[in-house]
Amino acid sequence: MKFRPQLAVPLAVSAALLTACSGSGQELGYGEKGTGDDIDVTVLRVEAGSTEDLAVLKDASEYAGRTPYYLHYRVTKTKDGSVKGPDFVVTGDGRNLTRLSIMPGFGTPVVGKDGGLSYSKAPKFDKCTADDSSSDFNEKAAGESYTSCSIYLTAEGDSAAPTEVAWLGDDRKEDPVAVWK
């Protein structure tokens with residue numbers, strides 16, 4: 001194949017522009033707002049928890065030796081209508097932490113001395129809670145916000161603190177929308 005010198009400059013400029021566009025999204029600090037297509041996201045903070053925090057969970061022994069980290073964030077709608085919430089990847093020392101979803105529990109049935117049935121209070125995980133308004137967020141107007149918290153766990157025996165929170169795009173394959181460090 002014969003190389004044409006007059007194409008070398010446009011190809012080099014195009015390659016440089018493409019490289020510049022394939023960065024890692026907006027680089028932000030905690031408390032700063034990242035802007036997406038239809039929502040803004042602010043990672044407020046990441047807090048370290050302890051293994052004892054997870055003791056209230058059923059099968060708490062599954063999480064022995066793992067450190068929970070609590071990602072606190074705020075989401076604000078920038079347009080009316082249905083929007084998709086943020087999808088995060090949290091990394092520490094170059095390794096992804098595992099997201100832990102906790103479903104609400106139910107009380108245990110208790111039969112009293114009189115034969116009556118009652119329920120004990122369900123264990124409650126209150127270290128990381130979400131604002132109730134997140135469930136009906138699609139019906140809210142532009143400008144409305146909710147705050148939330150997600151739990152991320154280190155690998156067993158690893159206590160490396162998160163060094164980066166990335167907000168992924170819709171297809172999870174493109175560069176992050178924003179990265180907080």
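The analysis underlying the following values was restricted to heavy atoms, covering all of them including side chains, and did not include hydrogens, waters or symmetry mates. None of these values were measured; they are calculated from a predicted model.
Using a distance-only test at 3.5 Å, with no hydrogens or angles considered, no donor-acceptor pair links the side chain of W167 to the main chain of T35. The backbone N or O of T154 sits less than 3.5 Å from a side-chain atom of R66, completing a donor-acceptor pair. Judged by distance alone, with hydrogens and angles left aside, the side-chain atoms of D80 form no donor-acceptor pair with the main-chain N or O of A141 at under 3.5 Å.
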N138/V83 under side chain to side chain contact (heavy atoms under 4.5 Å, CB included): CA gap, chis, key distance, verdict: CA-CA 6 Å; N138 283 330; V83 297; 3.8 Å; yes
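In this structure, the separation between CD1 on I151 and CG on L97 is 12.5 Å, given to the nearest 0.5 Å. The OG1 atom of T67 sits 7.5 Å away from atom CG of D158, with the distance rounded to the nearest 0.5 Å. Distance OH/Y69 to CG/L153: 10.5 Å, rounded to 0.5 Å. K77 contributes atom NZ, which lies 12.5 Å from atom CG of D40 (distance to the nearest 0.5 angstrom). The CG atom of D37 lies 12.0 Å from the NZ atom of K84; values are rounded to the nearest 0.5 Å. Interatomic distance, CG of D59 versus CD of E62, reported as 5.0 Å (0.5 Å rounding).
Residues V177 and L168 form no side-chain contact, since every pair of their non-hydrogen atoms from C-beta on lies 4.5 Å or further apart. Within the 4.5 Å cutoff, side-chain heavy atoms of V41 are placed close to those of W180. Looking at heavy atoms from C-beta onward, P86 lies in side-chain contact with I39 at the 4.5 angstrom threshold. Here the side chains of Y152 and V46 are not in contact, with every heavy-atom distance at 4.5 Å or above. For the pair P68/L54, a side-chain contact is recorded, criterion being any heavy-atom separation below 4.5 Å from C-beta on.
Under the 4.5 Å side-chain heavy-atom criterion for Ile, Leu, Val, Met, Phe, Trp and Tyr, L28 and V43 are members of the same hydrophobic cluster. No path of Ile, Leu, Val, Met, Phe, Trp and Tyr side chains, each step under 4.5 Å between heavy atoms, connects L44 with V165, placing them in separate hydrophobic clusters.
The shortest heavy-atom contact between C149 and Y70 is SG-CB, 3.8 Å. Smallest separation of non-hydrogen atoms from S82 and D38: O-OD2, 4.4 Å. Shown here for G34 and A178, the closest heavy-atom pair between the two residues is CA-CB, 4.4 Å. E164 and K181 get closest at one heavy-atom pair: OE1-CE, 3.2 Å.
Using bins of under 30°, 30° to 60° and over 60° for the plane-to-plane angle, the ring pair Y73/F88 lands in the perpendicular bin.
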